[in-house]
Protein chains: 2
Amino acid sequence: MSTIKDVSKLAGVSPATVSRVINNANGVSAKTKEKVKQAIAELDFYPNAQARALVKQSTNTIGVVMSELSDPFFAIMARSIEITAEKYNANVLISTGSLNEEKERQAINSLQAQRCKAMVVNSKILSDEELIDFAHKIPGFVLINKYIEAIQERCIWLDNQQGGFNMAQYILEMGHSNVLVLSTKNKVYDASRRLAGIQSAFTQAHKILPANHIIYTSPDPQGGEKAIEQALANGIKFTAVLAYNDAVAVGAVAKLTEKGLSVPENVSVIGFDDVLLANYCSPPLTTVKYPIAVMSQKATELALTLSKNEGKVSQTINTYKYKPIIIKRSSVSWG
Amino acid sequence: MSTIKDVSKLAGVSPATVSRVINNANGVSAKTKEKVKQAIAELDFYPNAQARALVKQSTNTIGVVMSELSDPFFAIMARSIEITAEKYNANVLISTGSLNEEKERQAINSLQAQRCKAMVVNSKILSDEELIDFAHKIPGFVLINKYIEAIQERCIWLDNQQGGFNMAQYILEMGHSNVLVLSTKNKVYDASRRLAGIQSAFTQAHKILPANHIIYTSPDPQGGEKAIEQALANGIKFTAVLAYNDAVAVGAVAKLTEKGLSVPENVSVIGFDDVLLANYCSPPLTTVKYPIAVMSQKATELALTLSKNEGKVSQTINTYKYKPIIIKRSSVSWG
DNA sequence: TTGAAAGCGCTAACAC
DNA sequence: GTGTTAGCGCTTTCAA
């Protein structure tokens, strides 16, 4: 790979001049500019991004931490961040953390090593203290899908508790009182918020949600299938299922159908997120809309802005809480 | 952000020694190592990845070019690459190109600027010549989902034509002869291969596929819906739909159902890819399996290997063609 | 309008 | 074992 020196030699100018040309600086005569451009083309030269970053002390790269690219929810998030970043001419570096504390930390560290000043982090598992710490060290550190009061001006979040509350309230209104809740690994932040919301709706309605009606399972269709299998095997009685997300819901529907229980006639099911799948599965899924695309865009813009201002937070706006909304389709019937 | 010099000062050693410690080089006494480590912790120091890359002349980063992260197909691909890269301690840099020639080229260029020596590229639209050119310049350049003879030892591909052929052969065997084909933008590589396969199956069966039975639409559910709407509006008669991918198929099913045509009783539908959606939509979709996860893993390993060998291709293996297989579910009936 | 020179943060010879 | 030095490819003063 050729360097700026090679180009300068071929064009018969100094490296500085070549630098001026590739950076569109003015103060270069049209003639030399032309010569340089030709040399660049001839040598197929691309300025080394690392060298540039090193001297400029900035990369214009936004780092993204999330757990699982292949999950449609995160895929939408990634896409939205990317589109937004492009608008601001920023590059995107994605680092995945999975549901493991050490990995999540590493993901952030590797982004730090890349000297990303802007970061959008979807932490599922790190402690609040550690995240607050990061926020204080990294100017453009933004948390998405999570709320921590101490750094609320850097949190873009959905009110998950409200979402859980909505699901439960709706299903109770529909006349179901034997409800099965499919949650996920209890250390996962949003899962616990949603569960809290569900429980508070039960309490408010003076109903009881027995502990054995809560099953913790993996957040994918297989998880949904397994959970239903298990509930049925344990003889748990239920006429409704509240799933952690749409993928789990869809797996639950599949297993219920397989066992001769039709949805929504025998069992009602509610998902969460409203990903593509929810609209096209059968029956179309009643679910809670998670406006992740809008939120990701906001998070990206905030991260970029903060990193420019060296972390100085704007005075006017200081909270970014989004509201979940029930999308009623066909997977719920009167109980 | 602190530098190696700051650390060396605080620890009372030379920068070289610090470098030795962070690189786990031997020849450092336990005592100094301890001092240095303490200083590192105290200053919260992370070695600057760009500076490192610059002097080492290598980044251990694999670049990925693809069009659309939010498509589940690509999401699986990204995930598989990531998992594989991690095994080899390589970082992943994703650059998206969309279905636009200039953007695709830019995506590759920006990866070049980052000095990625290994690259997995899913090109939808660049010309063969240009791709061959890149392959000659970039040691670890690997093409995924595309076959170009001149660089076949760097191509990981599915036999799309065979896949198209299989779909069509199966639907013809099932007794359908009024078939609607939902393809996508005709410049897209795999779409054209699949279409060619479909056509050759028709020819071989001495059947005719009229030109107005081929509709070009966007590769997502909305595209499927629109295409069906259009076909119906134009009074085209069909009892079977061959879709470009599962997302299109699922959209088609939704629109057909909406119009009072049930699947598979009135119309049979076949998808392509076998993404998660295919198994959980209604009815479960008969589709063509695209083993993208395995292929992505292979591509990653190949790219990494080639980049280590400076592009020298191993002698033993020299072709990576994968076979599509029909997965029979419930969206096809006898015609 | 152009060039020389210093330096970004790190590693790798080569001394000692 | 440890330090000194040069240099990776680029940008940016400062001079000319």
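Below, chains carry the letters A, B, ... as their sequence lines are ordered, and counting in each starts from 1.
Phosphate proximity of D:dG3 to B:S14: present, with a side-chain N or O under 4.0 Å from OP1 or OP2. For the pair B:S29 and D:dT2, the criterion of a side-chain N or O lying under 4.0 Å from OP1 or OP2 is met.
Among the heavy atoms of the strands, none lies under 4.0 Å from A:V18.
Considering NZ of A:K117 and CG of A:L306, their distance stands at 13.0 Å, rounded to 0.5 Å.
Here A:D128 pairs with A:K146 in a salt bridge; the nearest charged N to carboxylate O distance falls below 4.0 Å. Between B:E34 and B:K31 there is no salt bridge, since no side-chain nitrogen of the basic residue lies less than 4.0 Å from a carboxylate oxygen of the acidic one.
At whole-Å resolution of the value, CG in A:N48 and C1' in D:dG7 are 14 Å apart. Spacing between atom CZ of A:R52 and atom P of D:dT12 amounts to 10 Å, rounded to whole angstrom units. Computed from coordinates, the A:I40 CD1 to D:dC10 C1' distance equals 13 Å when rounded to whole Å. The separation between B:L54 atom CG and D:dG7 atom C1' is 9 Å, rounded to whole Å. Straight-line distance from the CG atom of A:N23 to the P atom of D:dT11: 5 Å, rounded to whole Å. Between A:I22 atom CD1 and D:dC10 atom P the separation is 6 Å, expressed in whole Å. Atom-to-atom, NZ of B:K33 to C1' of D:dT2 comes out at 14 Å; the value is rounded to the nearest Å. For A:Q50 and D:dG7, the CD to C1' distance is 16 Å, given to the nearest whole Å.
Residues A:N145 and A:M295 approach most closely at OD1-CE, 3.7 Å, considering heavy atoms.
Evaluation of the salt bridge (charged side-chain N to carboxylate O under 4.0 Å, His left out) rule for B:K37 yields no partner, not counting sequence neighbours.
DNA chain C is contacted by both B:R20 and B:A51; B:A51 maps to the nucleotide lying nearer its 5′ end (nearest heavy atom per residue).
Remark: the A:N160 side chain and the A:Y189 side chain contain no N/O donor-acceptor pair separated by less than 3.5 Å.
Nucleotides of DNA chain C that come within less than 4.0 Å of any heavy atom of chain A span, from the 5' end to the 3' end, C:dT1 to C:dG9.
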